[in-house]
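Here's the structure we're looking at; comments come further down.
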Protein chains: 4
Amino acid sequence: MAGSVNKVILVGNVGADPEIRRTQDGRPIANLRIATSETWRDRNSGERREKTEWHTVVVFNEGLCKVVEQYVKKGAKLYIEGQLQTRKWQDQQGQDRYSTEVVLQGFNSTLTMLDGRGDGGGASSGFGGGRGSSNNDYGDDYGAPSPSSAPSRGGGGGNFSRDLDDDIPF
Amino acid sequence: MAGSVNKVILVGNVGADPEIRRTQDGRPIANLRIATSETWRDRNSGERREKTEWHTVVVFNEGLCKVVEQYVKKGAKLYIEGQLQTRKWQDQQGQDRYSTEVVLQGFNSTLTMLDGRGDGGGASSGFGGGRGSSNNDYGDDYGAPSPSSAPSRGGGGGNFSRDLDDDIPF
Amino acid sequence: MAGSVNKVILVGNVGADPEIRRTQDGRPIANLRIATSETWRDRNSGERREKTEWHTVVVFNEGLCKVVEQYVKKGAKLYIEGQLQTRKWQDQQGQDRYSTEVVLQGFNSTLTMLDGRGDGGGASSGFGGGRGSSNNDYGDDYGAPSPSSAPSRGGGGGNFSRDLDDDIPF
Amino acid sequence: MAGSVNKVILVGNVGADPEIRRTQDGRPIANLRIATSETWRDRNSGERREKTEWHTVVVFNEGLCKVVEQYVKKGAKLYIEGQLQTRKWQDQQGQDRYSTEVVLQGFNSTLTMLDGRGDGGGASSGFGGGRGSSNNDYGDDYGAPSPSSAPSRGGGGGNFSRDLDDDIPF
DNA sequence: TTTT
DNA sequence: TTTT
């Protein structure tokens with residue numbers, strides 16, 4: 001379809017240490033549960049109320065998986081940018097079931113750590129100090145950034161020397 | 001939880017004419033199915049491939065429901081901004097099931113028509129010509145902000161008393 | 001124009017304590033400077049580089065101004081959702097100048113504190129514990145949230161009992 | 001800075017045919033002017049008002065530049081995702097001036113055509129028929145990911161060949 | 001079930 | 001002028 005957009009932005013806290021699985025061919029897949037919540041004041045009772053929403057986040061992007069593996073722990077606050085994806089599966093009775101997940105895969109996904117937690121052990125040094133990560137963090141160049149008055153910010157994402165495998169699963 | 005964000009942005013096409021239900025107390029709820037898709041070229045075969053994702057969108061916002069009711073038809077292209085929400089329900093076997101929907105409710109939701117289609121009957125004239133709608137557009141009047149239980153949300157842009165010259169700057 | 005969207009999303013740190021001004025008719029306007037930055041590794045030298053971008057944020061939304069006034073301090077990390085706006089003005093030579101700002105005004109703006117800082121003095125207790133604020137945080141009701149299978153999610157925007165004054169001053 | 005986000009999302013119409021320049025080393029840079037507008041009803045007079053905002057968009061991303069060059073014409077409706085960037089320059093009097101632009105550069109930028117306009121001449125056939133473009137669409141081949149300085153970024157959606165079972169029934 |  |  002021409003011109004469509006499918007984007008999810010979450011800022012929330014990770015409910016448990018992430019699970020990292022691997023595909024047969026060795027690529028990592030990270031699973032996260034992220035909570036967002038809203039609070040409001042009940043008009044009648046005047047009391048404060050809160051509603052928490054849990055999101056399943058699946059990270060196929062290999063670079064972001066590494067970040068998750070190394071830095072993301074239970075309780076970490078994350079900024080996530082991904083896509084909605086509904087997956088069909090069969091339960092034990094053979095009935096069709098559907099699960100909707102926030103998928104981080106490909107160029108337009110981001111995962112950024114918003115607090116210091118989960119960075120324990122100085123591990124984050126690999127990412128330049130405290131920074132959990134961001135998609136734009138794995139390897140670029142800016143050999144000769146725009147020489148003009150134009151903002152260089154460079155190749156933005158530039159030249160990935162690794163193999164991109166941010167492919168869609170099922 | 002402090003500081004969370006739950007946001008979904010979709011640009012896609014409506015798969016069928018929307019359904020409008022009403023709660024016991026008369027508030028409308030609109031249901032939409034929206035398709036987004038991605039295309040890419042297969043690395044091996046070189047052939048073009050496409051994957052379509054279907055999203056269930058539920059509109060609780062009363063103003064946006066009116067817009068949906070009047071202007072949104074099968075095939076319309078929409079910009080949607082809402083929140084992810086997973087709802088639990090029981091199937092006929094009494095088993096727990098979950099459905100994840102994009103919910104438009106409250107101040108931070110938007111629905112904007114991106115094409116002229118679905119505006120049949122000149123209905124859109126009520127929206128200032130060609131414009132299907134926008135959240136900040138159904139707002140009727142801010143002299144007497146909603147005293148009822150209905151989300152006023154209004155405000156949107158409010159009442160500009162100053163002089164504006166929005167000419168093309170530099 | 002039919003169907004347009006103008007949205008800015010920032011997560012960054014406040015560079016200095018906010019300034020709060022007031023219009024003649026007493027409405028508050030808050031000014032913030034927010035820094036975002038990107039880091040990358042230079043392809044040639046292999047060294048880490050960083051680029052910081054400074055954003056001027058102007059808060060017209062009265063509720064959000066209160067939040068800024070009470071909780072936002074230099075160094076605070078914020079999530080901001082607003083709109084781009086370019087303002088024309090004359091310098092001392094009478095020449096036209098333009099300034100582009102991120103404006104928080106009206107229903108579709110958000111400001112959320114992402115860290116505990118700036119919440120000093122237990123001030124944040126008014127916001128339900130640790131939470132700096134969010135737009136959806138000032139007072140709604142949902143007396144009898146949707147009784148059906150439909151997600152109530154309530155809160156969202158609901159019924160503002162206060163007077164909305166999210167208008168554009170300057 | 002750890003964990004920052006700088007994102008602009010625009011849906012609007014192109015005010016004039018884009019200008020394409022080239023850097024000394026031959027890389028293209030496209031400049032676009034995009035209009036967004038809001039309409040509202042004046043609280044006092046009850047009359048409809050409209051405010052148009054003009055945005056300067058600079059496309060450094062090479063793939064997106066090609067799309068702009070080939071498909072984007074005056075009047076086209078676009079979805080744009082980029083970053084805010086303020087550039088300093090000197091006017092003829094040697095005074096510092098600043099211009100804020102929406103920059104499309106790097107992995108997290110997107111440009112999608114939302115209408116058929118600008119696709120004249122069947123040019124769009126190269127993009128799979130009618131589709132103006134999308135960031136994840138100009139990338140053609142991922143068997144031989146870009147060896148050059150050009151952002152491969154590609155990947156986006158990439159090549160689905162593997163079998164995955166990501167069953168996360170939650 | 002949309003759209004191209 | 002922030003932050004890491």
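Keep in mind that the numbers below use all heavy atoms, side chains included, and drop hydrogens, waters and symmetry copies. Worth saying up front: this structure is predicted, and the values here are computed from it rather than measured. Throughout, a chain's letter reflects where its sequence line sits, starting with A, and its residues are numbered from 1.
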Indicate the atoms forming the closest heavy-atom contact of T52(B) with A35(B), along with that distance. CG2-CB, 3.9 Å
Return the value, rounded to whole Å, for the distance between atom [atom1] of [X] and atom [atom2] of [N].
X	N	atom1	atom2	answer
H55(B)	dT3(E)	NE2	C1'	13 Å
L114(D)	dT4(E)	CG	P	12 Å
K73(C)	dT2(F)	NZ	P	16 Å
E53(B)	dT2(E)	CD	P	16 Å
K77(C)	dT2(F)	NZ	P	14 Å
E50(C)	dT1(F)	CD	C1'	14 Å
L32(C)	dT1(F)	CG	P	17 Å
Y79(C)	dT2(F)	OH	P	25 Å

Establish whether the base of dT2(F) is bridged to the side chain of S4(D) by a donor-acceptor pair shorter than 3.5 Å. no
Under 3.5 Å donor-acceptor pair, T52(B) side-chain atoms to dT2(E) base atoms: yes
Check salt bridge (Lys or Arg N to Asp or Glu O under 4.0 Å) between E81(B) and all other residues, then give those that pass, not counting sequence neighbours. K7(B), K7(C)
Pairing residues for D91(B) by the salt bridge (Lys or Arg N to Asp or Glu O under 4.0 Å) criterion, not counting sequence neighbours: R97(B)
Quick test of the criterion, 5.5 Å between centres and less than 30° between planes. Is W54(C) stacked on dT1(F) or not? yes
When you check the gap from the basic side-chain N to the acidic O, do E50(B) and R48(B) get nearer than 4.0 Å? no
